[in-house]
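In what follows, every chain begins at residue 1, and chains take the letters A, B, ... in the order their sequences are listed. Just the heavy atoms: all of them, side chains too, but no hydrogens, waters or symmetry mates, feed the values below.
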Protein chains: 2
Amino acid sequence: MSEENLLKLVELEEPEHDYHLQEQVGFILRKAHQRHVSIFAAHIADLTPPQFAALAKLRDVGETSQNQLGTLIAMDAATVKGVIDRLKARGLVELSKHEVDKRRLLVNLTAQGRDAIERLIPLARDITEETLAPLSPKEVATFMKLLAKLA
Amino acid sequence: MSEENLLKLVELEEPEHDYHLQEQVGFILRKAHQRHVSIFAAHIADLTPPQFAALAKLRDVGETSQNQLGTLIAMDAATVKGVIDRLKARGLVELSKHEVDKRRLLVNLTAQGRDAIERLIPLARDITEETLAPLSPKEVATFMKLLAKLA
DNA sequence: TTGATATCATTTGCATACGAATGAATTTGT
DNA sequence: ACAAATTCATTCGTATGCAAATGATATCAA
């Protein structure tokens with residue numbers, strides 16, 4: 001085939017599809033996250049991952065402001081408000097006003113909330129384990145190290 | 001200290017906090033995904049990642065049913081409908097009925113949609129690059145391999 | 001062929017997720 | 001001390017994301 005014909009062929013071809021959505025880190029990240037949420041829901045039906053995160057963090061740090069809690073669990077102020085509202089409606093957290101700084105809304109676990117999170121933590125371990133099950137122990141270590149760098 | 005006192009100490013201690021939310025794969029996955037979405041928005045302001053995914057996939061496969069498209073980009077039927085509705089409202093995709101199978105709603109790029117996705121793909125490469133910037137090239141290869149296993 | 005299944009799309013309801021705007025309260029800088 | 005900037009919380013609007021229910025159509029199986 002002549003050089004001229006080769007050039008024509010290239011020009012007439014469909015646009016190069018050398019961009020593959022399924023190889024992009026964002027797309028795969030979204031799918032991996034979806035899979036995790038699905039595994040979570042299969043183990044813990046009555047709480048979402050963000051709700052669990054809020055309870056688990058309150059268990060760690062005790063009473064904090066709503067805003068501070070949001071920072072700790074990587075949640076927008078508007079988002080954390082909704083999460084806390086729903087946990088409050090279910091009696092798992094209680095709210096109070098900060099005596100000194102009147103802007104702050106303090107959040108804390110109720111006794112029921114503490115019971116719940118203590119009961120759920122073993123299940124959360126299973127969730128982590130199942131999420132990572134496709135990887136060998138060595139791969140898990142590598143993956144977690146690299147993922148942490150990206151987050 | 002006597003053995004008895006040691007035991008008392010242990011009993012009186014706060015509950016063991018050996019579950020660390022920030023070390024759980026689900027929590028870090030959520031944060032990594034958030035960071036990616038934020039990088040995406042900084043580069044492509046007028047389209048969301050799911051909207052981009054829909055356009056990019058339509059570019060790959062051409063006209064398909066809404067449902068099939070959802071499968072290809074890992075989206076629930078209810079979710080994909082919303083995404084396509086918004087792309088349609090902006091004139092980036094067009095809908096038509098399948099002649100044979102009357103259940104199916106065919107989706108395709110408009111000329112404007114094709115222009116848009118071709119224009120955006122170079123930006124998407126930048127987004128992928130920036131998302132992976134914390135990793136060395138070798139780490140990127142390792143990470144993508146392991147992430148794919150989890151997704 | 002027809003009754004049971006399965007598929008496609010839609011709708012509703014609920015739960016993140018975040019930008020932007022707003023108001024109240026506090027802190028900072030001079 | 002006081003004006004400017006910051007922080008905390010709320011609200012609104014928009015966009016995923018998914019379960020469950022529904023209706024229309026198509027396929028399968030006895």
Side-chain angles (χ1 to χ4, degrees), chain A residues 26-27 29-42 44-55 63-90 92 95-107, chain B residues 26-27 29-42 44-55 63-90 92 95-107:
Chain A
F27 184 75
L29 221 37
R30 177 169 143 270
K31 289 214 300 176
H33 181 246
Q34 279 177 2
R35 174 172 167 270
H36 166 75
V37 171
S38 168
I39 292 171
F40 188 101
I44 300 180
D46 58 344
L47 226 53
T48 65
Q51 289 167 359
F52 176 87
L55 296 183
E63 191 174 58
T64 8
S65 74
Q66 196 175 265
N67 214 44
Q68 174 63 14
L69 180 62
T71 300
L72 293 171
I73 58 181
M75 252 179 248
D76 185 89
T79 302
V80 80
K81 184 188 190 309
V83 173
I84 293 302
D85 279 354
R86 285 179 283 276
L87 291 175
K88 177 179 186 294
R90 293 172 56 179
L92 299 176
L95 305 180
S96 58
K97 290 178 182 171
H98 193 289
E99 286 304 318
V100 178
D101 188 339
K102 295 177 187 171
R103 294 170 305 177
R104 296 190 196 176
L105 185 62
L106 296 176
V107 191
Chain B
F27 184 75
L29 222 36
R30 178 170 142 269
K31 289 212 302 175
H33 182 247
Q34 279 177 3
R35 173 171 167 271
H36 167 74
V37 171
S38 168
I39 292 171
F40 188 102
I44 300 180
D46 58 344
L47 226 52
T48 65
Q51 289 168 358
F52 176 88
L55 295 183
E63 190 175 57
T64 8
S65 74
Q66 196 174 266
N67 215 43
Q68 174 64 13
L69 180 61
T71 301
L72 292 171
I73 58 181
M75 251 179 247
D76 185 88
T79 301
V80 80
K81 184 188 190 309
V83 173
I84 294 302
D85 279 354
R86 285 179 283 275
L87 292 175
K88 176 178 187 291
R90 293 172 54 179
L92 300 176
L95 305 180
S96 57
K97 289 177 182 171
H98 192 288
E99 286 304 316
V100 177
D101 188 338
K102 294 178 188 171
R103 294 171 306 179
R104 296 191 197 175
L105 185 63
L106 296 175
V107 191

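One can place CZ of A:Arg30 at 14 Å from P of C:dA17, the figure rounded to the nearest angstrom. Between the CD1 atom of A:Ile44 and the P atom of C:dA15 there is a distance of 16 Å, given to the nearest Å. C:dA17 atom P lies 11 Å from atom CD of A:Gln51, rounded to whole Å. Between B:Lys31 atom NZ and C:dA17 atom C1' there is a gap of 16 Å when expressed in whole angstrom units.
Using a 4.0 Å heavy-atom criterion, one finds that A:Asn67 contacts the sugar-phosphate atoms exclusively. Residue-level contact check: A:Thr48 touches the backbone only, with heavy atoms under 4.0 Å from sugar-phosphate atoms and none from bases. Within 4.0 Å (heavy atoms only), A:Ser65 reaches sugar-phosphate atoms of the nucleic acid but no base atom.
Under the salt bridge (Lys or Arg N to Asp or Glu O under 4.0 Å) criterion, B:Lys81 pairs with B:Asp85, not counting sequence neighbours. Remark: A:Asp101 engages A:Arg103, A:Arg104 in a salt bridge (Lys or Arg N to Asp or Glu O under 4.0 Å) (not counting sequence neighbours).
Nucleotides of DNA chain D with any atom under 4.0 Å from a heavy atom of chain A span, from 5' to 3', D:dT7 to D:dC18.
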Inset, instruction - Check the pair A:Thr48, A:Arg86 against side-chain contact (heavy atoms from CB on, under 4.5 Å), reporting the backbone distance first and the verdict last. - result: CA-CA 11 Å; A:Thr48 65; A:Arg86 285 179 283 276; over 6 Å; no

Legend entry - B:Val107 and B:Leu87: CA distance, side-chain angles, deciding distance, side-chain contact (heavy atoms from CB on, under 4.5 Å) verdict: CA-CA 10 Å; B:Val107 191; B:Leu87 292 175; over 6 Å; no

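From A:Asn67, atom CG reaches atom CG of A:Leu72 across 10.0 Å, with rounding to the nearest 0.5 Å. Distance check, rounded to the nearest 0.5 Å: CZ of B:Arg35 to CG of A:Leu29 gives 9.5 Å. Taken to the nearest 0.5 Å, the CD1 atom of A:Ile84 stands 9.0 Å off from the CG atom of A:Leu105. Distance NE2/B:His98 to OG1/B:Thr64: 11.0 Å, rounded to 0.5 Å. Between A:Leu55 atom CG and A:Leu69 atom CG the span is 9.0 Å, to the nearest 0.5 Å. Distance check: A:Gln68 CD to A:Ile73 CD1 gives 10.5 Å after rounding to the nearest 0.5 Å.
Comparing A:Leu106 and A:Gln34 along DNA chain D, the residue whose closest nucleotide (by nearest heavy atom) sits nearer the 5' end is A:Leu106. Along DNA chain D, the nucleotide nearest to A:Asp76 and the one nearest to B:Asp76 differ in position, and the one closer to the 5' end is contacted by A:Asp76.
Shown here for A:Ala74 and B:Arg30, the closest heavy-atom pair between the two residues is O-NH2, 3.0 Å. Closest non-hydrogen pair, A:His36 versus B:Gly26, comes out as NE2-CA, 3.2 Å.
Listed by residue number, the members of residues 81-90 of chain B with any heavy atom below 4.0 angstrom from DNA chain D are B:Val83, B:Arg86.
One end of the helix from C:dT1-D:dA30 to C:dT30-D:dA1 points its axis 30° away from the other end's axis, with each axis taken from 5 pairs and the angle rounded to 10°.
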Write out a two-atom table: protein N or O, nucleotide N or O from nucleotides 25-28 of chain C, distance below 3.5 Å.
residue: C:dT26; atom: OP1; partner: A:Val100; partner atom: O; Å: 2.9
residue: C:dT26; atom: OP1; partner: A:Lys102; partner atom: N; Å: 3.2

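Side-chain contact check for B:His33 versus A:Gln34: every heavy-atom pair is 4.5 Å or farther apart. Contact of the B:Ile44 side chain with the B:Gln51 side chain is not registered, since no non-hydrogen atoms from C-beta on lie closer than 4.5 Å.
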